[in-house]
Amino acid sequence: DVMPVAAAPPMPCHSCREYASGAIRAAGFDSVALHDVLDVELSVKMARRRVAALTTVRECETYMDEGLPLGRLVRISVAWFLSRGSLTDTPQTVDTYRSFLVSGIVVARGLRSILERTAPQRVFMLNGSFFAESIMAALAVQSGIPFGTYEKGLIHDGIVMTPGAAASRLEVPEAAWRAARDTPLTDDESEAIDVYLGGRRSGGGSLDNFWRTRVEDLELIRRELRLEAHRPLVVMFCNILWDSAVIGRDLAFPSMGRWVVEGILWARSHPEVDLVIRIHPAEIQLRNHPTVERMADHIASNVTALPPNVRVIQADDPISSYVLMDIAALGLVYTSTVGLELATRGTPVLLAATTHYRGRGFTVDPDSARAYWAEADRLLRTLPLGVERERTRELARRYAVLFFFRFHNVLAAVTEEGRSRPRIRANTVSALDPGRDPPMDRVVSGIIDGTAPIAPPGSTLPERASG
């Protein structure tokens, strides 16, 4: 599933396989492929017979195979491949789901054989959310084998690692947060997080810069959106519907689409408030991965006419989200990192789904739709001021330092020269000796010990990147 439906088939298996096997050979290790442990062609034929009778998405989602909930384990990959958040009973969707189930059956059979042959003490793998890795994680749990996962983080050359769960969930250990929560930031940490968050505003400090040119003129934005300064502004920040950061994270609402529609209905009953819905620019800005199910289409299909106090900023609109954050009285967020950034300003944030910063004390976290809109009403009646805003701001900034500077591990040995173009910077084996690259030391210890690699207090990106 390395390419979405808009760009494949055929899948670029030859390049992906060589990329991985070449790196393994260069490191002096032996690799094991599925065809080394089973007859792939025969296994595929058998798997196709098993799933041939599945005719609905629901049947595919609930499919079990030899004790594994394969339907659930492959679902994120199906949605990602189709570039959709919702899966409906269309021929394309059901056929795609069956194809992923076939791959899942074959992969599960091969991984069982590999685990039996190698008897590993630890399993370490990428991401943990997509079908092959989620199947391996389930098999590791069944076999009592500790596992960990890693993924590129939000910092250039940074990786995050999570023991016993998918790294894509960005789960900061609770013990690390408890310690950071109760420790005031140093002057250096405070300055560093200000610089980093300021860089994000201009597109730096992250993997993707969706706008080389952006509209930041506040008065121009107010005129274009017909926003009046005396009216409370509520901004709803969307994710991409098919993003693995969203799928399976629903909590107060059954889906992000339902959250947006209910937000419009809520605004209709609150004519004294302006609601701006910011559709995620990645819907159209990700090269080779255009979104099939777009939020604007979802709104048009479910809302006959927008209330006069609701504005929708399309994915291709260069209006800066950060200017909207500057003037928002309240932020409505599903799982986006924008929620954390808003909280570092002291702005109240109402979370709708499960995300890594939920429950940390600086967001409002209802667990039902009714409670969500009741909290929105309460916050707008009595917007936090003074001491309460400063408390939110300080807690969020402490968490931001922990998350961006200490949870992320910026490796000195590897750099990425543009998306998916890694280069090894270590020229000798001694460059990997213990003590030469502290983030690498933490990651290796985390693999062995089953602990999340967290940098010590006082770490900031410039210090770690130069390490």
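- A distance of 7.0 Å separates CG in Leu324 from CG in Leu225, rounded to the nearest 0.5 Å.
- Of the candidates Trp80, Phe130, Tyr63, Phe131, Phe100 forms a ring-ring contact (aromatic ring centres under 6.0 Å, His included) with just one, namely Phe131.
- When side chains are defined from C-beta on, Tyr150 does not count as touching Val443, because their heavy atoms never get closer than 4.5 Å.
- Judged as a side chain to side chain donor-acceptor pair (under 3.5 Å), and not counting sequence neighbours, Glu219 has no contacts.
- Ion pair Glu390/Arg393 flagged as a salt bridge, since at least one NZ, NE, NH1 or NH2 atom sits closer than 4.0 Å to an Asp/Glu carboxylate oxygen.
- Salt bridge absent: Arg406 and Glu189 never bring a charged side-chain N and a carboxylate O closer than 4.0 Å.
- For the pair Ile105 and Arg50, the tightest heavy-atom approach, listed with the atom from each and the gap, is CG2-NH1, 4.1 Å.
- Annotation: side chain to side chain contact (heavy atoms under 4.5 Å, CB included) contacts of Glu272 (sequence neighbours excluded): His270.
- Ser168 contributes atom OG, which lies 9.0 Å from atom CG of Leu126 (distance to the nearest 0.5 angstrom).
- For the pair Trp177/Leu402, a side-chain contact is recorded, criterion being any heavy-atom separation below 4.5 Å from C-beta on.
- Looking only at side-chain heavy atoms (C-beta outward), Asp317 and Ile279 stay at 4.5 Å or farther from each other.
- For Glu341, the side chain to side chain donor-acceptor pair (under 3.5 Å) test picks out Arg200, Tyr322, with sequence neighbours left out.
- The heavy-atom pair separating Tyr357 from Arg360 by the smallest distance is O-CG, 3.1 Å.
- Scored by the side chain to side chain contact (heavy atoms under 4.5 Å, CB included) test, Thr335 finds Asn239, Ala245, Val246, Arg249, Ala353, Thr355 as partners (sequence neighbours excluded).
- Side-chain contact between Val57 and Val78: absent, with no pair of heavy atoms (C-beta onward) separated by less than 4.5 Å.
- Between the Thr149 side chain and the Ala167 main chain, a donor and an acceptor come within less than 3.5 Å of each other.
- Not counting sequence neighbours, the partners of Tyr399 by the side chain to side chain donor-acceptor pair (under 3.5 Å) test are His356.
- Under the salt bridge (Lys or Arg N to Asp or Glu O under 4.0 Å) criterion, Arg98 pairs with Asp95, sequence neighbours left out.
- Applying the salt bridge (Lys or Arg N to Asp or Glu O under 4.0 Å) rule to Glu191 yields no partners; only residues at least two apart in sequence or on another chain are considered.
- For Ser190, the side chain to side chain donor-acceptor pair (under 3.5 Å) test picks out Arg397, with sequence neighbours left out.
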Please list every donor-acceptor pair under 3.5 Å in which a side-chain atom of residues 251-261 meets a protein atom from a residue at least two apart or in another chain.
unit_1: Ser255; atom_1: OG; unit_2: Arg258; atom_2: N; d: 3.1
unit_1: Arg258; atom_1: NE; unit_2: Glu262; atom_2: OE2; d: 3.2
unit_1: Trp259; atom_1: NE1; unit_2: Tyr372; atom_2: OH; d: 3.2

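- Of the possible donor and acceptor atoms, none in the side chain of Arg75 sits under 3.5 Å from a partner among the backbone N and O of Cys60.
- Among residues two or more places apart in sequence or in another chain, the salt bridge (Lys or Arg N to Asp or Glu O under 4.0 Å) test is passed with Asp326 by Arg201, Arg345.
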Check step by step if side-chain hydrogen bond (donor to acceptor under 3.5 Å, both in side chains) holds for Thr186 and Asp188.
CA-CA 5 Å; Thr186 66; Asp188 287 345; 5.3 Å; no
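- For Arg122, the side chain to side chain contact (heavy atoms under 4.5 Å, CB included) test picks out Pro146, with sequence neighbours left out.
- Judged as a salt bridge (Lys or Arg N to Asp or Glu O under 4.0 Å), and not counting sequence neighbours, Arg389 has no contacts.
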